[in-house]
Amino acid sequence: MQFLSLLLLLLSPAKPAPIEIPFRWTPGQIEIQVSIEGRAPIWFILDSGAEFSMIDAEVAKTLKLKPENATVTIGPLRMTGLDLTPWNLDNFRRQKREIRGVIGCELFETYVVTIDFQKKVIVLNDPSTFRRNPAASEFPLTFDGRLPVIETQMKFGQRVVRPRLMIDTGASTAVILRHPFAREHRLFGSGDKTTTSETVAVGARPFVTLAATEITFGRWTFPNPGVEAYGTPAGAGGYTSNDGVLGNDLLQHFRVTFDYSRKLLYLAKQP
């Protein structure tokens, strides 16, 4: 029996080892180094809220890169056939940041992606061999196109709303609500503060600070989260297919695992 067990073990296909990728924390966004077609690495952000991966159009032109069907290396990971859409990412230059690209949903659709904010490492597992952390809480994911969404509950004083928030590792803030949702639930007030912030896709947009008293998802409640709403319904501010985004200001309190193959999100609270 011992010989048979050993033989079966030797004949069993090897399980793919997890891939670990270190990241730089801004703080607010997850920055990773990416090499395209063997060129020197450049900085990208990891963005679960991006339906496609992007490269700064000026960089693509200067390096004479062909972004379609590219070979991309991220630490020990090598991905082939990745399309990088050329995009104007001047907002990062205006912020005096080195970011020249975005890695979006393609990575999350291929691997089970765990983000460990404490260790500043991304862990990629093959979906067929992934085993969940038993200490993690499980959240069903629905998808708005290719983007992951969970249900939450928020309080504005005595008023309770239940926005469906997209989990967005490209957002440095806690919560941003879409303009139609905030308007429908009468969350805007005459004394609200309005600011202008940069977005990856379209540059500067107005945002209104809202007086949220708490947010709850699963068994966790955060008092006085920083909540904003798009100041106008233009562009992403007008979407109604989800009600807003939940960003890194809250996600950083957890070890976050995206498992698209099972349509699940796992959150393990970090001390």
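A quick note: this is a predicted structure, and the numbers were derived from the prediction, not measured.
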Rounded at 0.5 Å granularity, tell me how far CG in Asn125 sits from CZ in Phe130.
6.0 Å

So Arg255 and Val123, side-chain contact (heavy atoms from CB on, under 4.5 Å) or not? Walk me through it.
CA-CA 11 Å; Arg255 196 170 191 262; Val123 182; 4.1 Å; yes

Check this for me, if you would: do Arg164 and Asp243 make a salt bridge, where the nitrogen-to-carboxylate-oxygen distance has to be below 4.0 angstrom?
yes

With side chains defined as the heavy atoms from C-beta onward, is the minimum distance between Leu46 and Ile115 less than 4.5 Å?
yes

Passes side-chain contact (heavy atoms from CB on, under 4.5 Å), Thr209 versus Asp192? Steps please.
CA-CA 6 Å; Thr209 301; Asp192 291 339; over 6 Å; no

What residue among Glu109, Glu51, Glu106 forms side chain to side chain donor-acceptor pair (under 3.5 Å) with Arg146?
Glu109

Determine the minimum heavy-atom distance between Thr152 and Pro163, stating which atoms define it.
OG1-O, 2.9 Å

Is there a side-chain contact (heavy atoms from CB on, under 4.5 Å) between Ile45 and Arg97? Walk through the geometry before answering.
CA-CA 11 Å; Ile45 62 169; Arg97 295 175 62 190; 4.2 Å; yes

If we only count heavy atoms from C-beta on, is the Ile36 to Arg100 side-chain gap below 4.5 Å?
no

side-chain contact (heavy atoms from CB on, under 4.5 Å) for Leu141 and Ile150? Distances and angles first, verdict last.
CA-CA 6 Å; Leu141 285 176; Ile150 66 168; 3.7 Å; yes

Grab the two heavy atoms, one from Arg186 and one from Arg159, that are nearest each other, plus how far apart they are.
O-NH1, 2.6 Å

Shortest non-hydrogen contact between Ile103 and Val34, atoms and distance
CG1-CG2, 4.2 Å

Can Leu187 be reached from Met166 by stepping across I, L, V, M, F, W or Y side chains whose heavy atoms are under 4.5 Å apart?
no

CD1/Ile55 to CG/Leu63 distance, rounded to the nearest 0.5 angstrom?
7.0 Å

How long is the span from the CZ atom in Arg178 to the CZ atom in Arg183, to the nearest 0.5 Å?
14.0 Å

Could you tell me the separation between the CZ atom of Phe44 and the OG atom of Ser35, rounded to the nearest 0.5 Å?
9.5 Å

How long is the span from the CG atom in Leu77 to the OG1 atom in Thr110, to the nearest 0.5 Å?
8.5 Å

Could you check, using the six-membered ring where one of them is a Trp, whether His185 and Phe156 have ring centers closer than 6.0 angstrom?
no

Compare all side-chain heavy atoms of Asn248 with those of Thr169 and state whether any distance is below 4.5 angstrom.
yes

Are the aromatic ring centres of Trp43 and Phe92 under 6.0 angstrom apart?
no

So how far is it from Lys269 NZ to His253 NE2, rounded to the nearest 0.5 Å?
7.0 Å

Any ion pair linking Asp56 and Arg93 (charged N to carboxylate O, less than 4.0 Å)?
yes

Got a donor-acceptor contact below 3.5 angstrom from the Ser53 side chain to the Gly104 backbone?
yes

Ignoring hydrogens, what is the shortest heavy-atom contact between Leu264 and Pro140? Give both atom names and the distance.
CD2-CA, 4.0 Å

Side-chain heavy atoms nearer than 4.5 Å, only ILVMFWY residues, links allowed to pass through others: does that put Phe52 and Phe143 together?
no

Using a strict 4.0 Å threshold on nitrogen-to-oxygen distance, state whether Glu20 and Lys119 make a salt bridge.
no

Does Phe181 reach the side chain of Asn242, with side-chain heavy atoms less than 4.5 Å apart?
no

Kindly check if the number of other-residue, nucleotide or ligand heavy atoms within 6.0 Å of CZ (Arg39) is above 12?
yes

From the list Phe207, Tyr239, Phe188, Tyr230, ring-ring contact (aromatic ring centres under 6.0 Å, His included) partner of His179 resolves to Phe188

Passing candidate, side chain to side chain contact (heavy atoms under 4.5 Å, CB included) with Ile74, options Leu124, Ile32, Ile122:
Ile32

Taking the side chain as everything from C-beta on, heavy atoms only, tell me whether Glu98 gets closer than 4.5 Å to Arg24.
yes

With a 3.5 Å distance limit and no angle check, can you tell me whether Glu228 reaches the backbone of Ile176 through a side-chain donor-acceptor pair?
no

Can Leu165 be reached from Leu251 by stepping across I, L, V, M, F, W or Y side chains whose heavy atoms are under 4.5 Å apart?
yes

Closest heavy-atom contact between Pro67 and Leu65?
CD-O, 3.2 Å

Polar side-chain atom of Gln270 near backbone of Asp116 as donor-acceptor pair, under 3.5 Å
no

Non-hydrogen atoms of Ser48 and Ile167 that approach each other most closely:
OG-O, 2.6 Å

Transitively linked via ILVMFWY side-chain contacts under 4.5 Å: Val113 with Val245?
no

Output yes when a side-chain donor or acceptor of Gln29 lies under 3.5 Å from a complementary backbone atom of Gly170, and no otherwise.
yes

So Phe217 and Phe254, would you call those rings parallel, tilted or perpendicular, with 30° and 60° as cut-offs?
tilted

Taking the side chain as every heavy atom from C-beta outward, state whether Glu31 and Ile99 have any pair of such atoms under 4.5 Å apart.
yes

Can Leu177 be reached from Phe222 by stepping across I, L, V, M, F, W or Y side chains whose heavy atoms are under 4.5 Å apart?
yes

Measure the shortest side-chain to side-chain distance between Leu250 and Trp220 over non-hydrogen atoms and say whether it is less than 4.5 angstrom.
no

Parallel under 30°, tilted from 30 to 60°, perpendicular over 60°: which one fits the rings of Phe108 and Tyr260?
parallel

Within the structure provided, determine whether Phe258 and Val256 are in side-chain contact (heavy-atom separation under 4.5 Å).
yes

